[in-house]
Structure formats: structure tokens, C-alpha cells
Protein chains: 2
Amino acid sequence: MASMADVARRANVAVSTVSYALNGTRPVAKATADRIHQAMEELGYRPNALARGLASRRSRNVALIFPMLERGLGLTEMEFVSAAAETAGDLGYHLVLWSTPLGDTDLLTKLTRQGLVDGVVIMEVHLADARIEMLRRTGVPFCMIGRTGDNRDDPFADIDFESTIRDAVAHLTALGHERIGFINHSRASFDAGYGPSVRAARAFEDAAGAHGISRFCDDSPTAGRQIWREMNAAAPGVTGLIVMNERASAGVLAAIAQHGARVPEDFSVLSVASSERVAEMTYPPLTTFHPPAAELGRLGVQVLIDRLEGREVPLVQQLIPCRLVLRDSTGPATRQPGTGN
Amino acid sequence: MASMADVARRANVAVSTVSYALNGTRPVAKATADRIHQAMEELGYRPNALARGLASRRSRNVALIFPMLERGLGLTEMEFVSAAAETAGDLGYHLVLWSTPLGDTDLLTKLTRQGLVDGVVIMEVHLADARIEMLRRTGVPFCMIGRTGDNRDDPFADIDFESTIRDAVAHLTALGHERIGFINHSRASFDAGYGPSVRAARAFEDAAGAHGISRFCDDSPTAGRQIWREMNAAAPGVTGLIVMNERASAGVLAAIAQHGARVPEDFSVLSVASSERVAEMTYPPLTTFHPPAAELGRLGVQVLIDRLEGREVPLVQQLIPCRLVLRDSTGPATRQPGTGN
DNA sequence: TTGAAAGCGCTAACAG
DNA sequence: CTGTTAGCGCTTTCAA
């Protein structure tokens with residue numbers, strides 16, 4: 001593997017000149033630069049990332065801290081990770097994946113102290129998140145996907161659950177649904193302070209008020225089925241459903257079918273924050289507010305790297321709403337004679 | 001950040017002794033080692049990954065080369081990536097994600113020459129894969145997920161499509177289905193030499209022979225719907241379907257329903273290599289041969305790291321079959337009076 | 001059982 | 001505009 005010394009020798013210059021030519025850290029005469037670049041070309045030279053990082057104290061690596069969940073990762077997360085990796089690459093960085101248990105601050109501390117990465121993008125942030133406190137304390141540059149409860153001056157990108165839930169309620173209300181049910185993630189996730197669960201629950205209460213009824217639900221079709229039955233028994237007037245639980249949504253649809261009712265004629269089911277590819281698998285395909293997974297991934301690493309490069313950037317704390325895609329699971333609350341729907 | 005010199009000073013030894021104590025590269029007196037470890041503890045010392053890598057010429061990083069596909073990545077890939085990251089961590093390595101366009105050998109060459117990683121795990125290997133040739137040529141240690149056509153002495157882990165498809169055909173045959181349809185990925189993927197498409201097609205031909213009818217299909221519900229209609233028209237006797245195309249499977253189910261037929265009473269649909277979480281979303285939930293995604297991820301990095309550590313390991317070329325999970329989309333070919341099915 | 005010292009390949013003063 | 005040189009924090013001979 002050709003080194004900088006090889007290039008310098010071949011171009012008849014000092015290694016430092018090669019370095020300067022390579023990084024543009026200092027002006028280099030056109031002729032010299034040309035010779036250097038040619039030499040690099042001929043040798044197939046690529047700077048050694050480790051040496052460069054060691055000498056400059058900047059590894060140009062960033063880590064993506066991504067949680068080991070019992071729940072498992074979904075397609076949304078996959079999209080997110082892809083976008084993050086791609087963006088890092090585009091900006092000349094490498095993305096390393098740190099799979100850590102959610103509560104394991106010690107492991108995270110160990111990892112960050114190794115000097116392998118300049119900063120981290122951290123997923124699945126909870127309202128009270130010990131990992132964030134640790135990052136603040138140790139001064140590791142970071143960008144959150146999600147955000148803590150004590151909204152301080154740290155950069156984040158998150159889904160705008162408030163507006164999304166509001167829009168979801170409005171969508172169903174506009175279709176004439178007067179009582180609206182909300183099916184959230186598990187109670188455990190809510191109690192653990194999982195941002196989406198907590199924020200969506202509050203937002204639903206604000207938006208639907210007395211017209212709303214809300215339930216927690218484990219992330220599985222079976223749980224979805226049970227919860228719908230229970231909710232339908234408790235509040236038979238509910239014809240519009242907002243389901244923020246991808247796996248449960250299939251169960252909800254199944255329970256409605258088993259009940260002898262139809263979607264969307266009798267019940268409308270609106271899925272929130274579930275991926276396109278899952279929404280199109282159900283019968284009927286789910287009308288959905290899609291999460292901006294790729295945008296979040298891109299933004300997260302972009303914001304982090306901006307900070308690392310010391311650019312004078314304003315603090316980014318961005319909320320992105322989910323985008324509505326109409327499919328076949330929502331419709332008017334009561335059949336309108338003559339419309340055929 | 002404490003360095004090795006700090007530790008050495010505090011423990012009254014030479015830096016080299018600290019290094020030896022840390023890595024066990026040379027025996028160190030118990031008392032000395034204790035002092036050193038205590039000093040490390042007190043300083044919160046963590047060896048600098050970059051320096052270590054530079055000096056030892058072993059970064060202890062491995063890359064996962066994962067493709068940017070138009071098709072998009074699925075849940076199977078997500079499981080795979082998770083498992084790979086976790087395994088790498090367990091073995092004291094870091095996993096770097098390289099998102100590269102499938103054909104871009106140049107980019108890959110550049111990346112591997114940076115000396116950031118000791119080896120790579122490479123996904124989505126095609127029968128004739130320029131990237132593999134490049135890795136062989138440049139001597140970069142690697143492990144494939146999938147395999148090339150010219151099966152040489154390179155390590156790989158792959159799904160055993162041959163046995164899986166055979167088992168799938170057998171499953172339907174045992175249920176009394178006499179004519180069996182196979183819905184593959186797109187023709188383009190087959191023509192491009194995408195391993196799964198090609199191997200499964202061959203395997204189906206071998207297993208089903210004249211009883212089988214096979215079709216390519218783009219990865220979308222819409223395409224699935226069309227293909228089923230076309231196939232049903234061309235071969236009305238087909239009652240058993242094998243679908244190796246996750247996204248198309250929803251379309252197949254929808255087309256059957258629209259046709260006024262039922263699953264599994266009239267048609268059996270057996271999904272191959274699709275993830276659990278997608279299989280449970282459809283109506284009815286799909287009986288599926290699940291891909292061993294996590295095993296492949298784990299195995300891929302394990303095998304690679306074994307090689308990197310120079311362990312005397314036999315060449316690993318492992319085929320893992322998909323595992324059958326019965327759900328509700330397959331059943332006997334004709335209703336048996338009295339069985340209630 | 002331990003130490004001293006020469007690098008690993010690069011960056012960034014400092015000096016001209 | 002360019003060169004010299006002292007590190008970055010570690011590993012690994014070589015020597016004791």
C-alpha cells in the first residue's frame with residue numbers, strides 16, 4: 001500500500017507538501033500540485049484513515065447508536081440507517097454501527113472513549129435518557145433522533161407527533177367520524193418514557209378531547225386484535241381508528257373483519273408512522289401517515305457533521321411531520337347513498 | 001483522555017509493559033499487572049483505537065458492504081445488519097457500514113485502500129460479481145453473504161435455496177396440490193445474476209418439473225396482482241403457489257380475493273424468504289419459509305473475524321435453509337368432507 | 001520479568 | 001511557495 005512518503009518521493013516534494021496538496025490546508029503551486037496528483041494517481045494512493053485520524057485528532061468517523069430492542073427494528077429504522085450511511089459517505093465520513101442495549105450507559109462510555117469516532121447520532125431517545133446525560137457530561141458531540149423531555153440546547157431531528165396526530169384526527173373528523181379511537185404502543189413503552197408513545201398520547205388527548213378514546217397495545221397482531229375488541233365493546237360509537245403501532249394494525253383489521261364489519265365502510269383505520277412497505281401488505285392497504293425516516297437519517301448525520309467541522313450553524317432542532325398517503329382503509333363515516341362508497 | 005503513558009507513569013512501569021499487560025502479548029508479573037490495571041481503572045483509561053490500529057496494522061474494524069438498491073432494503077436485511085453489528089461488538093470489533101451502489105467497484109476499491117477496516121462482509125452477491133473479483137485480486141479478506149457462480153475457495157454463508165424450494169414444493173404437494181406456481185423476483189434481477197432469483201428458479205424447475213409453472217415478477221403488490229391473474233389464466237389448474245417475493249405476495253392475495261376465491265380453501269400461498277413481521281401482516285397471515293437472517297449476519301462476521309485473527313479454521317461455505325412457519329395461507333388442495341377445512 | 005526506542009502514516013507547527 | 005521536524009498513542013523488536 002503506497003504511503004504518503006512514496007508519493008512525496010515520486011513527485012520530488014516533501015511529505016508535508018503532499019499533505020497540504022491533498023487537504024488544501026495550505027496553498028500549493030499549480031505545477032507542484034499537478035505532479036503530486038499524478039504521482040498519487042500512478043501509485044493508486046489513498047490516505048491511511050487511521051494515521052490521518054491519529055495525527056489530526058479527527059477520525060472522520062461517526063457512530064450510529066442503535067438500540068437492541070426486544071421489539072425489534074422495523075423497516076422505518078432500516079430506511080433510516082440506509083440514509084444515514086449514505087449521507088455519511090457523501091460527506092466523506094464513515095458510519096460505524098454501535099448496537100447497544102438501551103440502558104447500557106457504561107458500554108456507551110467505553111465505546112466513546114476509544115477515540116474511534118468524532119461524534120454520534122443516537123436513536124430511540126427517551127424523555128429521560130441516561131445516555132444523553134452521559135454524552136453531555138463527557139462532551140461527546142451528538143445529534144439525537146427524537147428528543148429528551150428537558151429540551152435543552154442540543155440538536156435533534158424528530159417526528160412531529162403533535163402535528164401528525166392532529167392531522168390524523170382532522171382527517172378522520174373531516175370524513176365524518178365523531179368518535180375516534182387511538183391505539184398506541186405498549187404501556188411499558190409509555191412508562192419508560194419512550195418519546196413517540198408519550199407525545200402521541202398527549203397529542204391525541206389534545207386533538208380529540210372527549211371524542212377520543214385511547215389504549216395502549218403491545219406490538220403484535222394478537223394484541224391489536226384484543227385491544228380493538230375491548231375498545232369496541234367499551235366505546236361502540238368509535239368508527240375512526242388511529243393506530244400508531246405497525247404490528248398491531250394487522251390485528252385490528254383482522255378483528256374488524258372477524259366482527260363481520262368492513263373497512264372502510266364501517267370502520268376507518270388510519271395508520272401512523274408505519275412504513276410504506278408494510279402499509280401496502282394489509283387488506284385493505286392502509287391509509288398511512290408515513291414517517292420521514294430517510295430525512296431523519298440524513299439530517300441526523302448532516303447536523304452532527306456540521307458541528308464537527310465547526311461550521312457556524314444555528315442550532316438545529318427540527319420536527320418533521322409524517323406525510324399522508326391515501327390508500328383504502330379510510331372513508332366516510334357513514335355510507336352516502338348514491339356515492340357507491 | 002488518559003493515554004497509555006499516563007497509565008505507565010501512575011503504575012511506575014514502562015509503556016510497553018502496560019501494552020503487554022493490556023493485550024496479554026507477553027507475561028507480566030501478577031503484582032505489576034495489578035498495579036497497571038488499578039491505574040487504568042483510576043484513570044478511566046481506554047486504549048485509543050486509531051493508535052492501536054496504526055501501530056499494529058490491525059484496525060479491528062470490519063465493514064459491511066451493503067447495497068443501495070432501487071428495490072430498497074427489507075426487514076430481512078435489517079435483522080441481518082443488527083445481528084452483524086451485535087456480533088462484531090461481541091468479538092471486540094467495530095462494524096462500519098459502507099453503502100455502495102451495486103456495480104461501483106471503484107468506490108469499493110477506494111474504501112478498502114483507506115486501511116480503516118481489516119476485512120469486509122459483502123451482501124447481495126451476484127453470480128458474476130465484479131466486486132468479489134476485485135476483493136480477490138487486491139487480497140482484502142472477505143466473507144460473502146450469498147455466493148458467486150464460480151464457487152471458489154472463498155468463505156460464504158447463504159440461504160439454501162435448493163433445499164428450501166424443494167421443501168416448499170413438497171409441502172404443497174403433500175397437501176395435495178398437483179400443479180404448482182412459482183412467483184420469483186423480477187426478470188431483471190434474474191438477468192443480472194442475482195443469486196436468489198437464479199438459484200430458486202433452477203431449484204423450482206428441478207423440484208416441480210412438469211407440474212410447475214414459473215413467472216418473474218417485479219417487487220410490488222401491483223405486479224403480484226397482475227402476475228397471478230396472468231398465471232391463473234395460463235394455468236388454471238394451479239392451486240398451490242410459492243411466492244419468493246415479499247412485496248408481490250400481498251398482490252397475489254388481493255388478486256385471489258378479487259377473483260372471488262379464498263385462501264387457503266381454493267388456493268394455497270406459501271411465501272419463501274419473507275420476514276416474520278411482514279408475513280403476519282397479510283390476510284390471511286402467510287405460511288412462510290423464513291430466511292435465517294440473523295444467523296447469516298452472525299456467521300458472516302464471525303467467519304471473517306476468524307480469518308482475520310488467523311485462526312486455523314476450515315473454509316466455511318455454509319448453506320442454511322429457511323425455516324417453515326405455518327400460518328393460515330396453506331391448506332389441503334381440495335376440501336375434505338368432514339375435516340372442517 | 002521488564003525497559004528503551006524505533007516506528008506505524010499522517011498533520012501541523014515552525015522555519016525559511 | 002516549500003521543507004524539516006516533532007509528535008498523535010500505540011505495538012513490537014531488541015536488549016537487559
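Note on naming: letters A, B, ... go to the chains in the order of the sequence lines (proteins, then strands), and numbering restarts at 1 for each one.
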What does [X] touch in the nucleic acid at a heavy-atom separation under 4.0 angstrom: a base, only the sugar-phosphate, or nothing?
X       : result
B:Val28 : sugar-phosphate
B:Ser16 : base
B:Val13 : sugar-phosphate
B:Ser3  : sugar-phosphate
B:Asp6  : nothing
B:Ser19 : base

Evaluate the salt bridge (charged side-chain N to carboxylate O under 4.0 Å, His left out) criterion for residues B:Asp6 and B:Arg46: first the C-alpha distance (whole Å), next the side-chain angles of each, then the deciding distance (0.1 Å), finally the verdict. CA-CA 11 Å; B:Asp6 299 324; B:Arg46 291 269 111 196; over 6 Å; no
In whole angstroms, how far is the [atom2] atom of [N] from the [atom1] atom of [X]?
X       : N      : atom1 : atom2 : value
B:Met4  : C:dA4  : CE    : P     : 15 Å
A:Met1  : C:dC10 : CE    : P     : 11 Å
A:Leu54 : C:dC10 : CG    : P     : 12 Å
B:Arg26 : D:dC14 : CZ    : P     : 13 Å
B:Arg52 : C:dG9  : CZ    : C1'   : 19 Å
A:Asn12 : D:dG3  : CG    : P     : 9 Å
B:Leu22 : D:dG9  : CG    : C1'   : 12 Å
B:Asn48 : C:dC8  : CG    : P     : 18 Å

Less than 4.0 angstrom between a side-chain N/O of [X] and OP1 or OP2 of [N], yes or no?
X       : N      : answer
B:Asn23 : D:dT11 : yes
B:Thr17 : C:dG3  : yes
A:Thr32 : D:dT2  : yes

Between B:Arg113 and B:Asp106 (salt bridge meaning N to carboxylate O under 4.0 Å), is one present in this structure? no
Going by an N to O cut-off under 4.0 Å, is there a salt bridge joining B:Arg58 and B:Glu309? yes
Please round to the nearest 0.5 Å and tell me the distance separating atom CG of A:Asp306 and atom CD of A:Gln302. 6.5 Å
Begin with the C-alpha distance, continue with both residues' side-chain angles, and end with the deciding distance and a verdict on salt bridge (charged side-chain N to carboxylate O under 4.0 Å, His left out) for B:Arg136 and B:Asp154. CA-CA 9 Å; B:Arg136 280 177 184 149; B:Asp154 298 310; 2.7 Å; yes
Check if the side chain of [X] and the base of [N] share a donor-acceptor pair of N or O atoms closer than 3.5 Å.
X        : N      : value
B:Tyr20  : D:dT13 : yes
A:Arg46  : C:dG9  : no
A:Arg113 : D:dG9  : no
B:Arg57  : D:dT11 : no

